[in-house]
Amino acid sequence: MIRVMYFARLREAVGTGEESLALPAGVRSVAALTTHLRARGPQWGEALGGRRPVLVAVNQTVAGPEAALADGDEVAYFPLVTGG
């Protein structure tokens, strides 16, 4: 099981702030997890792969799409935020 968390507009778009998820067969990277989640439906596809950038952290460290996942990991999706 992994813990997946969604922040800010992503939480609103997908309707939850966090969930526990058994890693499906073949899902062993951030990119594969994101693809799996986007396949849940249009709101997921838009939230996690639309025109607005999304950052991902694995175990509280910003991670790229190639980052490996394992049971017990915490994966957080959050929108890119800029300040000025």
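Everything numeric in this text was worked out from a predicted model, so none of it was measured.
Not counting sequence neighbours, the partners of P65 by the side chain to side chain contact (heavy atoms under 4.5 Å, CB included) test are A31. For the salt bridge (charged side-chain N to carboxylate O under 4.0 Å, His left out) test, no residue two or more places apart in sequence or in another chain qualifies with E12. Every residue two or more places apart in sequence or in another chain that forms a side chain to side chain contact (heavy atoms under 4.5 Å, CB included) with M5 is listed here: R3, F7, E18, E74, A76.
Annotation: the span from I2 atom CD1 to D71 atom CG amounts to 8.5 Å, rounded to 0.5 Å.
Residues in residues 46-59 take part in these side chain to side chain donor-acceptor pair (under 3.5 Å) pairs, two or more places apart or across chains: N59-D73. For residues 22-37, the set of pairs meeting the side chain to side chain donor-acceptor pair (under 3.5 Å) definition, not counting sequence neighbours, comprises T34-Y77. Listed by first and then second residue, the side chain to side chain donor-acceptor pair (under 3.5 Å) pairs involving residues 60-70 amount to none (not counting sequence neighbours).
Side-chain contact between L37 and L21 is present, with heavy atoms from C-beta onward closer than 4.5 Å.
The minimum heavy-atom distance between V56 and F78, with the atom names listed, is C-CE2, 4.3 Å. In plain terms, the two heavy atoms of R9 and P79 that are nearest each other are NE-CB, 3.7 Å. Residues E19 and W44 come closest through the heavy atom pair OE2-CH2, 3.7 Å. The two residues A47 and A13 come nearest to each other via the heavy atoms CB-CB, 3.8 Å. When every heavy atom of M1 is checked against every heavy atom of S20, the shortest pair comes out as CE-CB, 3.5 Å. In terms of heavy atoms, V58 sits closest to A63 at CG2-CB, 3.7 Å.
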Report task. Just do the side chain to side chain contact (heavy atoms under 4.5 Å, CB included) check on L10 and V54 with the steps written out, would you? Result -> CA-CA 9 Å; L10 303 176; V54 174; 3.9 Å; yes
